[in-house]
Peer 1: 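The following block contains the structure, expressed as structure tokens.
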Amino acid sequence: MSKKDLSVEYSTILIFALAILTMPIWLSPIGAGYPDLLQKFVIYGIFAVGFNILFGLTGYLSFGHAAFLGIGSYATVWSFKLLGMNVIPAVIFSIILAGSFAALIGYITLRRSGIYFSILTLAFAQMCYNLAYSVLTPITNGETGLRVLKTDPRIFDHLFGRGQVDGPLLTDLFGIHMTGYPGFYFCAILLIITYYIAMRIKRSPFGMMLKAIKSNQTRMNYTGFNTRPYLQTAFIISGMYAGLAGSLLAITDPLAGAERMQWTASGEVVLMTILGGVGTSLGPVLGAGLIKYFENIFSSYNDNTLHAALSFMPDWLNDVLTIIISPFVGSGWHLTLGALFMIIIIFLPGGIMEGMGRIIQIFKPNKPGGSTKTASQG
Amino acid sequence: MTDIIKKHVDRRGVIKGGMASILATGIMPSILTSPAYAADYLNAPTGKTVTLGFNVPQSGAYADEGADELRGYQLAVEHLNGGGDGGMLNTMTPKSLKGNGILGRKVEFVTGDTQTKSDAARASAKRMIEKDGAIMITGGSSSGVAIATQSLCQEAGVIFMAGLTHSNDTTGKDKRANGFRHFFNAYMSGAALAPVLEKAYGKERKAYHLTADYTWGWTQEASIAQATEAIGWKTVKKVRTPLGAGDFSQYITPVLNSGADVLVLNHYGKDMVNSLTQAVQFGLRDKQVNGKDFVIVVPLYSRLMAQGAGKNVEGIFGSTNWHWSLKDAGSQAFVKSFGQKYGFPPSQAAHTVYCQTLLYADACERAGTHNPCGVAEALEGFKFSGMGNGDTLYRAADHQCFKDVLVVEGNDKSTSKFDLLKVVQVVPAKQVTYAPDNPMFKGGELGKCNPGKA
């Protein structure tokens, strides 16, 4: 790796870190600067970055990644219940458990590629979902969701004399409660670290191998490479990322529900990655942010907020516009998201990152191939 | 190579420095401006308005109920702010509300979609608390969601006024000091329904339960089984079905071969509409088993569901919290103003959330504050009437309302599409009251009220 590449890498991660950590400031004007949504942005960012290691680099489309998200959440809540409210063992426990499940599921599903692989992963995820939803109710508490109760053992908490809590039980990192902004910064720092790891993986010889699998796996096999171990490793890493994301979801809000494992949740991360730009480093993070923004902000608009937002217009225009727009907000936010998704796929197959690349190219007309280059660097 | 390593260390130092400065500039202002530190309780209203958060399902199996809840909430806000004809504000006794908002502040509201999922509901409630500054959260058309939101409100430090939630656990093992429920529960359904079933179908019956597989279904199944077994019925089998299954044919086919002569459908919303319609289509009600007519019971009824299931509900017994055909002054006033605004009568979902909003506002007036601890104290042990269910008590021990429960039957002589249920009996509150340490409600504790971070 040349010196120039290294300096580009460092400045990229520095800018990325700066952008993530200042999110509470620059997202406030668009109504997204509150802790819960910021946490969701970075957590689903981690999920999508991990998913991209598998899908973006090797081209293997997994439709069952939500299973690892759910496993991570359940593992974390159980860690809270048994060990105590500290987040460190919870995170480690979740990553290990999600990683071992990924090893098992990957070992079976990676025997096939293409659509067969997708269907296999989907089947596994639905199995996990149904197990969590009804069969394993004693472990997962079914539809009601798993929560931390005051009667739980929490061995280490009791050992260190913190067993009796007066108020609600909150997760903590050596005394700092992981709710609100501290929770966000905890997740944000983990996103920056995992983003950096993903970037290094992409540029490593291992990453090159994964990209080679995407471009032509048959040729790889003919030249004497055994591609399975590489795929298996990518699958496990990606599963561990999902486990970490699931763990963080449970850390910022100690509740794990089965719906986190449903196929719609698996589909969501596919949408995030495609919307942002498959194979790019930054794209999945942007896609995750966009989808979560729609889900939380657009769904909260009702006729009253629309009237208020359009109050600068004459009354009759205000009423007409409210009638036109209202099916697309509130409970209709899926409609808007679907339309946006279609537009992006049709006009910008490379997602948001391709759009950004094109804009940059407009300002640098003399540099050929700017689009693809920026995309791959981002 | 050495050159690169050197650079490496240097740049790492740069990153560290950069991080430190980011942390210093990024974290500090947001901590200082965090709303939690602004007053002695969370989201204390400072201006001329107060914000309530209405968190209802706008998609999923309970979307119809959610839509009607939202109508009830909007009507309540209108009446609280002195608009419309005042509705139950004219009939509620005792009453401290003045029709000028809450404590002189105009009531505003924000809405959210729970999607009938705990995750989405909590995200939506968090948005209301953290971003919109809601001082009270209310809603939920699924007990799973209601329990999840209730514990969130307890942790965050705002009042939760439960909407449509019928599980025993909401005010049983999952009760919370910041949560209050006006709606009746599964135990009350069983206690009210059993004598009517005994009279209509006799003591020798075998029941087969189909149950929605979550907290509400479980507790209703247990409550109905207990109440019917007390009158001599036998429970043949209990089968759990996933929430929002859509197709219940695979669960209904085995019923006839089981030797049961009663089918108890512990389903609600679209699930109940689908399972009942399919059970009728399969000809269950035309069959004879053990020499008796096969019958279906739907323990928790609502008009919206009856509307969805149409003629299939005729002659089927169930219980309900409230019905628009009640003749007391409170119900009449509510039905009148709801009808004027929307053009059709309200459902029990609209009724319970309307009452909850008024009860919350009234408690604020009596307490003279929005502080959750003050409000909770004002609600605990509060006795009121004129809200459609006779004399009602908000019990302090578990934050559950005790009031009359209705046993209804699908109407075979309906005159309109709203006249689908007829009230068979108004069961007095005394008959459905239980001790707070009843085994079905054991295992939880209210804990202390949480006013948010001081």
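Computed from heavy atoms alone, side chains included, the values below leave out hydrogens, waters and symmetry copies. In what follows, chains are A, B, ... by sequence order, proteins preceding strands, each numbered from 1. Just so you know, these numbers come straight off a predicted model, no measurement behind them.
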Peer 1: Do the side chain of B/Glu69 and the main chain of B/Gly139 share a donor and acceptor less than 3.5 angstrom apart?
Peer 2: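 Looks like no, no N/O pair under 3.5 Å.
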Peer 1: Between B/Pro242 and chain A, with a heavy-atom cut-off of 4.5 Å, which part of the residue counts as in contact: side chain, backbone, both or neither?
Peer 2: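 Answer is both: backbone and side chain atoms of B/Pro242 are under 4.5 Å from chain A.
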Peer 1: Below 4.5 Å from any heavy atom of chain A, which atoms of B/Ser151 appear? Answer side chain, backbone, both or neither.
Peer 2: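 For B/Ser151, the contact with chain A is made by the side chain alone.
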Peer 1: With a 4.5 angstrom heavy-atom cut-off, is it the side chain or the backbone of B/Asp132 that approaches chain A, or both, or neither?
Peer 2: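 For B/Asp132, no heavy atom lies under 4.5 Å from chain A.
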Peer 1: Flag the pair A/Phe16 / A/Tyr195 as yes when their ring centroid distance falls below 6.0 Å, and as no otherwise.
Peer 2: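 Here the rings of A/Tyr195 and A/Phe16 have centres that are less than 6.0 Å from each other.
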Peer 1: Side chain, backbone, both or neither: which part of A/Asn130 has an atom under 4.5 Å from a heavy atom of chain B?
Peer 2: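 A/Asn130 has no heavy atom closer than 4.5 Å to chain B.
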Peer 1: Between B/Arg176 and B/Glu155, does any NZ, NE, NH1 or NH2 come within less than 4.0 Å of an OD or OE carboxylate oxygen?
Peer 2: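 Result for this pair is no, no salt bridge flagged.
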Peer 1: Excluding sequence neighbours, so at least two apart, what forms salt bridge (charged side-chain N to carboxylate O under 4.0 Å, His left out) with A/Asp36?
Peer 2: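 Per chain and number, A/Asp36 pairs via salt bridge (charged side-chain N to carboxylate O under 4.0 Å, His left out) with A/Lys40, B/Lys126.
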Peer 1: Of the backbone (N, CA, C, O) and the side chain (C-beta and beyond), which part of B/Arg127 lies under 4.5 Å from a heavy atom of chain A, both, or neither?
Peer 2: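 Both backbone and side chain of B/Arg127 come within 4.5 Å of chain A.
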Peer 1: Got a sec, which residues hit salt bridge (charged side-chain N to carboxylate O under 4.0 Å, His left out) with A/Asp253, two or more places apart in sequence or on another chain?
Peer 2: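 Scan of A/Asp253 (salt bridge (charged side-chain N to carboxylate O under 4.0 Å, His left out), adjacent residues dropped) gives B/Arg122.
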Peer 1: Quick one: what part of B/Glu108 sits under 4.5 Å from any heavy atom of chain A, side chain, backbone, both or neither?
Peer 2: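 The answer is neither part of B/Glu108.
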Peer 1: Under a 4.5 Å heavy-atom cut-off, does chain A meet the side chain of B/Thr241, its backbone, both or neither?
Peer 2: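 For B/Thr241, there is no contact with chain A at all, as no heavy atom is under 4.5 Å.
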Peer 1: Side chain to side chain contact (heavy atoms under 4.5 Å, CB included) for A/Ile71 and A/Met261? Distances and angles first, verdict last.
Peer 2: CA-CA 8 Å; A/Ile71 288 165; A/Met261 301 172 111; 3.9 Å; yes
Peer 1: Using heavy-atom distances under 4.5 Å, tell me whether B/Trp218 contacts chain A through its side chain, its backbone, both, or neither.
Peer 2: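 For B/Trp218, the contact with chain A is made by the side chain alone.
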